[in-house]
Amino acid sequence: TLEEGGFNEEWFAGILESIVRDLNQYGVCVIDDFLGAERADHILNEVKALESHGALEAGQVVSRQVQDQARGMIRGDQIAWVTGGEPHCSCIGQLVTVVDSLVAKANKHQDAGMLANYNITWRTRAMVACYPGRDTHYVKHVDNPNGDGRCITAIYYLNRDWSEDDGGVLRIYPEGKDQVASIEPLFDRMLFFWSDRRNPHEVLPAKITSRYAITVWYLD
Ligand SMILES: O=C(O)CNC(=O)c1n[nH]c2ccccc2c1=O
Ligand SMILES: [Fe+2]
């Protein structure tokens, strides 16, 4: 976990190995207990503060069947873009800084493999997303189907005590493979996957009132 200021060398090296190995082997890498519960909690509190201050806007406004039309559009995911430099997002900023270091080191790692095909010098801001429950979901899609520069999707989940009935599982259908990855949006779970056509994915209907995730896309 993170020592004051820096981060623990062997923790970092272990995570780095997992990212390089798993992205090359599966195109997907899941790291559990990424930052430890205390830091994860601080990040969750910053996300909840964004939500309660109405900083999250409609990521995609979905209309439901006709009978719901009367109730207006059911909101899909709600998002906010943060740099992590905002005063009330400093812990989100620390998360992004650590992930930046890991991705940069993985890109230049001696066993980078397919990662070496990229020269990752940039990234998007962090997209804080909340799926407000009531079956909100995200249809099957590819993040970067047409070479817009995004090569790695990095998602950090913040859902405490998630259980099967809460829904909101991320399902990835790795191209050319018959197995599907079902990834539960667990608290303090970090996920990396190739952003291109190798990883079509969808967010299954979320039952829990608020399903939180922070996504950063790394650019080649
Ligand atoms: O939350 C997840 O587990 C996966 N989430 C996604 O795949 C995902 N992908 N692309 C987006 C674009 C705009 C707004 C939200 C999204 C989004 O949640
Ligand atoms: Fe996506």
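The residues of the chain are indexed from 1 along the displayed sequence. When a ligand or atom number is given, it counts from 1 through the structure's own listing order.
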### Query
Side chain or backbone of Ile183 under 4.0 Å from ligand 1, or both, or neither, by non-hydrogen atoms?
neither

### Query
Considering only heavy atoms of Asp77, which atoms of ligand 1 have at least one such atom less than 4.0 Å away?
14 (C), 15 (C)

### Query
Side chain, backbone, both or neither: which part of Glu202 comes within less than 4.0 Å of ligand 1 when only heavy atoms are counted?
neither

#### Entry: Carboxylate-amine/guanidinium contact Asp111 Arg21, below 4.0 Å
no

### Query
With the threshold set at 4.0 Å, does a side-chain nitrogen-carboxylate oxygen contact exist between Asp165 and Lys207?
no

Show me the side-chain donor-acceptor pairs of residues 115-122 shorter than 3.5 Å, one per line, residues at least two apart or across chains.
from, atom 1, to, atom 2, distance (Å)
Asn117, ND2, Met114, O, 3.2
Tyr118, OH, Arg198, NH2, 2.6
Asn119, OD1, Lys108, NZ, 3.2

#### Entry: Contacting atoms of ligand 1, where contact means under 4.0 angstrom from a heavy atom of Asp143
9 (N), 10 (N)

### Task
Taking all heavy atoms of Cys151 and all of Asp220, pick out the closest pair and write down the distance.
SG-N, 4.0 Å

### Query
For His201, is at least one N or O under 3.5 Å away from an N or O on ligand 1?
yes

### Task
Let me see the working for Tyr26 and Trp194 under ring pair (Phe, Tyr, Trp, His ring centres under 6.0 Å), right down to the final yes or no.
CA-CA 10 Å; Tyr26 309 109; Trp194 303 127; over 10 Å; no

### Task
Examine the proximity of ligand 1 to Ile155 and report which part, side chain or backbone, both or neither, has a heavy atom under 4.0 Å away.
side chain

### Task
Please check if the side chain of Asn159 supplies one atom and the backbone of Trp162 the other of a donor-acceptor pair under 3.5 Å.
no

### Summary
Result for side-chain contact (heavy atoms from CB on, under 4.5 Å) between Tyr156 and one of Val47, Val216, Thr215, Leu35 points to Leu35

### Query
With atoms numbered from 1 as shown, which atoms in ligand 1 lie under 4.0 angstrom from a non-hydrogen atom of Val203?
1 (O), 2 (C), 3 (O), 4 (C), 5 (N)

### Task
Considering the heavy atoms of Tyr157, write down every atom of ligand 1 situated less than 4.0 Å from one of them.
2 (C), 3 (O)

### Message
Looking only at distances, can you tell me whether any N or O atom of Trp217, backbone or side chain, sits closer than 3.5 Å to an N or O atom of ligand 1?
### Response
no

### Message
Quick check for you: with the Fe ion (ligand 2) as the vertex, what angle do OD1 of Asp143 and NE2 of His141 span, to 10°?
### Response
90°

